[in-house]
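Let me begin by presenting the structure, written as structure tokens, before commenting on it.
In what follows, chains are A, B, ... by sequence order, proteins preceding strands, each numbered from 1. As the structure is a prediction and not an experimental result, all values here were calculated from the model.
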Amino acid sequence: MSVSVQIEDFDIAAEIEALTAPDQDIGAVVTFSGLVREMTDAGAIQTMELEHYPGMTERALEEIVEQARARWPLNGVRVIHRFGPLAPGDRIVLVIAASRHREAAFEAAAFLMDYLKTKAPFWKKEAGSHGAAWVDAREADDQATTRWEQT
Amino acid sequence: MSVSVQIEDFDIAAEIEALTAPDQDIGAVVTFSGLVREMTDAGAIQTMELEHYPGMTERALEEIVEQARARWPLNGVRVIHRFGPLAPGDRIVLVIAASRHREAAFEAAAFLMDYLKTKAPFWKKEAGSHGAAWVDAREADDQATTRWEQT
Amino acid sequence: MQILYFSWLRERVGEASEEIETQAATPADLITELKTRGGGHAMAFDDISAIRVAVDQQMVELDHPLEGAREVAFFPPMTGG
Amino acid sequence: MQILYFSWLRERVGEASEEIETQAATPADLITELKTRGGGHAMAFDDISAIRVAVDQQMVELDHPLEGAREVAFFPPMTGG
């Protein structure tokens, strides 16, 4: 149950607690949460619609988690990604990496986010007074993924 | 109020909420929480006592936060460090970095932890059935601090 | 073969999925075939460099063999996270 | 001048702080002077490489001038976080 794809919001504190409570050997917990930003290059948005590819999404996320587990000594990993309609300030994604020491937890969390950005089948459509448009993929995200392939 | 040094536990979700609620321009929130590990090189511990240098601690943490703010475009930063008696599983430290994009949030949070480890006047004493001993500083922590001085 | 479309490909094609009979050997061949169909297919597949493809829910290149494939999905680069 | 001790330096010296009159020019000089005092001072300052010093709550080197200093703290390398 390390991966969830859901419409509902999530509770960061409860997720950390569930991951860390059973294991007294965890010394470091890193979380990343992604939020919907109000201002985009095109202007202020009112809503964001997150589309995904049911089935492949879960599979892709589980694969990314397996890769992180193979690279770092992790005591726990959790990935939650929402889909459906969202508004500015809403939580989109949560990644948690728990390890004995902070280096592994930080690196694994950053890796999970970089891979998730370019390998998990989600697409964002933003809508505001200026109209609605699909979000373009960021060049920076491709580069962020590539750096893990070189090291 | 970005730095607190306290005996009391903290509520990660409430801290994230307080930092992010007023600002719709935050897209990325990275948290680090440090926990007391039960198993150490010397054996299982029952308690950890965290001593600090009142006055200098707050000043050192505020200086570290200022350095992070100067290096990355941060919408919010929060550092909480506990002192006093702790037990395995207890939270020790919380660092939160919030920014528009994830790169700045991840790097700032890692920087804050690296600097805090070697520049904030805290000392840990662990006690278990094998006796009590002050924790030795890790060589790896010095190296982790140094890497930020080279870049 | 089940064909799926996501994001603006779905909007341009005008449907989220369609069931087709095809002998296409690769996704590239399949695209050539799909472009001859009516609706928004031609417009959807206009810029091939903007299109990613998954065969049976695994990302592949456009020249990947389609033999035995049951589900082929077309979509733009992902923007999750 | 207020002298503070933390961690095992505090335990070895046997007290957390002491008020002293001194003409020491640097923390290194001050250590030499403190080692001549009774109690655990000599043992506390035995290995100088393990000792860090802060003057008026700022980390400094052992040869930093003490002129005008009101508070000098001695402690081992920090282990917080």
Side-chain angles (χ1 to χ4, degrees), chain A residues 10-17 19-40 44-46 48 75 87-103 105-114 116-117 138 140-141 143-144 147, chain B residues 10-17 19-40 44-46 48 75 87-103 105-114 116-117 138 140-141 143-144 147:
Chain A
F10 45 80
D11 178 338
I12 298 178
E15 295 297 338
I16 293 176
E17 188 61 22
L19 205 64
T20 57
D23 186 347
Q24 302 276 56
D25 195 38
I26 293 173
V29 182
V30 172
T31 75
F32 176 90
S33 21
L35 311 177
V36 179
R37 287 196 298 124
E38 184 172 36
M39 285 306 296
T40 68
I45 66 163
Q46 273 118 43
M48 171 187 278
N75 297 55
D90 280 357
R91 283 176 277 268
I92 305 170
V93 59
L94 174 68
V95 158
I96 311 179
S99 187
R100 296 182 68 193
H101 297 292
R102 72 187 186 287
E103 294 82 359
F106 268 119
E107 287 189 17
F111 170 92
L112 288 161
M113 278 309 302
D114 286 346
L116 186 156
K117 283 261 177 188
R138 286 170 74 210
D141 287 332
Q143 288 164 2
R147 73 178 162 133
Chain B
F10 46 78
D11 178 338
I12 298 177
E15 296 296 338
I16 294 176
E17 188 62 21
L19 206 63
T20 57
D23 186 348
Q24 301 276 58
D25 195 38
I26 293 173
V29 182
V30 172
T31 75
F32 175 90
S33 22
L35 310 177
V36 179
R37 287 197 299 125
E38 183 171 37
M39 286 305 297
T40 68
I45 66 163
Q46 273 119 41
M48 170 187 279
N75 298 54
D90 281 356
R91 283 177 277 269
I92 304 170
V93 60
L94 174 67
V95 157
I96 311 179
S99 187
R100 296 182 69 193
H101 298 292
R102 71 187 187 286
E103 295 82 359
F106 267 119
E107 287 188 18
F111 170 91
L112 287 162
M113 279 309 302
D114 286 347
L116 187 157
K117 283 262 178 188
R138 285 171 75 209
D141 286 333
Q143 288 162 3
R147 73 178 162 133

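Chain A forms the most heavy-atom pairs under 4.5 Å with one residue out of Ala13(B), Ala110(B), Pro88(B), Ala140(B), and that residue is Ala110(B). Counting heavy-atom pairs closer than 4.5 Å to chain B, the top-ranked of the candidates His101(A), Arg100(A), Met113(A) is Arg100(A). Among Asp25(B), Asp23(B), Thr20(B), Val93(B), the residue with the largest count of heavy-atom pairs under 4.5 Å with chain A is Asp25(B).
In this structure, NZ on Lys117(B) lies 5.0 Å from CZ on Arg102(A), to the nearest 0.5 angstrom. To the nearest 0.5 Å, atom CG of residue Asp114(A) and atom CD of residue Glu103(B) are 7.0 Å apart.
Ile12(B) touches chain A through its side chain: at least one heavy atom from C-beta onward sits under 4.5 Å away, while N, CA, C and O do not. Arg91(A) touches chain B through its side chain: at least one heavy atom from C-beta onward sits under 4.5 Å away, while N, CA, C and O do not. Contacts of Ala97(A) with chain B are absent, with no heavy-atom separation under 4.5 Å from either backbone or side chain. The part of Glu17(A) that comes within reach of chain B is its side chain, from C-beta onward, which places non-hydrogen atoms under 4.5 angstrom from that chain. In this structure, chain B has a heavy atom under 4.5 Å from the side chain of Ile16(A), while its backbone stays farther away. In this structure, the portions of Ala109(B) lying under 4.5 Å from any heavy atom of chain A include both its backbone and its side chain.
Within residues 30-40 of chain A, the residues having any heavy atom under 4.5 Å from a heavy atom of chain B are, by residue number, Val30(A), Thr31(A), Phe32(A), Ser33(A), Gly34(A), Leu35(A), Val36(A), Arg37(A), Glu38(A), Met39(A).
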